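Right, one structure below, let's go through it.
Labels below follow one simple rule: chain letters A, B, ... track the order of the sequence lines, proteins then strands, and each chain is numbered from 1. Scope of the values below: all heavy atoms of this structure, side chains included, with no hydrogens, waters or symmetry mates. Computed from a predicted model, the values in this text were never measured in an experiment.
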Amino acid sequence: MNSARNTNTQARLMKQIQIYGFAVNEAVLYLDTHPNDRAALAYYGKYRNLLREAEDAYISRFGPLTIRDAEADQGWRWSTDPWPWEWEAACGVRTEG
Amino acid sequence: MWTYEKKLQYPVRIRRPDPAAAKIVISQLGGPDGELGAATRYLQQRYAMPYREVAGILTDVGTEELAHVEMVSAILHQLTRNMTEEEILRSGIDVYFADHTAGVYPAAASGTPFDAKYIGVKGDVFADLNEDLAAEQKARVTYDNLIRLIDDPDVRDVLRFLREREIVHYQRFGDALRIAQDRMDAQNFYAYNPAFDRGCTGGSGAR
């Protein structure tokens, strides 16, 4: 029961990261050729902040998203937790550390 | 997925352009043992790799190889900047210039364009890891050959850094091969492929 709730939390946070990450990516592509568009800059800033919040929440509970997120006291989860292309990862089978 | 970092892994500052040197350094971009092949080889081998630590070393070495693609390309860009028509003809880079001007196109020193035939993705743990060990040694030899032929200290310094990385990667792939061998069933050594025969002892159960 508890692990099912963790799986849901992890899946929900990952979905947020994917949504905010995609918004940031779209803003970046547009800003590359429109570097002075103030509305686009504000849009980028808003979603960049949301992305960071979601990433911080995810990393603290479910392990690193990049090689700069790994915490020494958690062990090297980077290479022991599932990789994103694995079926187990797609199903959200990952344990809380 | 990946995000780009706006930096080189190691600085590239070539003070003196030298298109003749670019003609041979290009093999480490798009040649048979070049960095583009290395990055593609390791990143594409990950999916059939049943051991997460080994998938990790493939991910992280493959990612570093992408940074080396950029470093070798930076060397090529700086070696071919401000070329005059006379320099293009005299250096022998005219045969490249005809098709690519001063663009950085992945090809071997011979002029052969980059080809995925340079890489192996066999879907077998031991075939793939042994390919990787050999690939690192072959890339090291190519850097040795380039260092023999190039005098410019600015170029040599970067080539020496890249050569050293080949040796470190070789050592890490050696560790990966040992991890994979330790997880084989002694009764079935090399008789099954842990990347495919998941039902066998030591396959997916060995995760």
Do you know the tightest heavy-atom contact between A:Trp85 and B:Arg46?
CZ3-NH1, 3.2 Å
Contacting moiety of B:Thr59, where chain A heavy atoms sit under 4.5 Å
side chain
Testing the basics here: between A:Trp83 and B:Gly56, what is the closest heavy-atom pair and its distance to 0.1 Å?
CZ2-CA, 3.1 Å
Residues that B:Ala67 engages under side chain to side chain contact (heavy atoms under 4.5 Å, CB included), provided they are two or more places apart
B:Gln9
Measuring from B:Glu5:CD to A:Arg68:CZ, what's the distance to the nearest 0.5 Å?
4.0 Å
Given side chains that start at C-beta, do those of A:Ser79 and B:Arg52 come closer than 4.5 Å, heavy atoms only?
no
Applying side chain to side chain contact (heavy atoms under 4.5 Å, CB included), can you list everything that pairs with B:Asp115, at least two apart in sequence or on another chain?
B:Lys117, B:Tyr118
Over 12 non-hydrogen atoms of neighbours within 6.0 angstrom of CD in A:Glu71:
no
Residue A:Ile67 excluded, over 12 heavy atoms near CD1 under 6.0 Å:
no
Could you check whether atom OH of B:Tyr170 has more than 12 heavy atoms from other residues, nucleotides or ligands sitting under 6.0 Å from it?
no
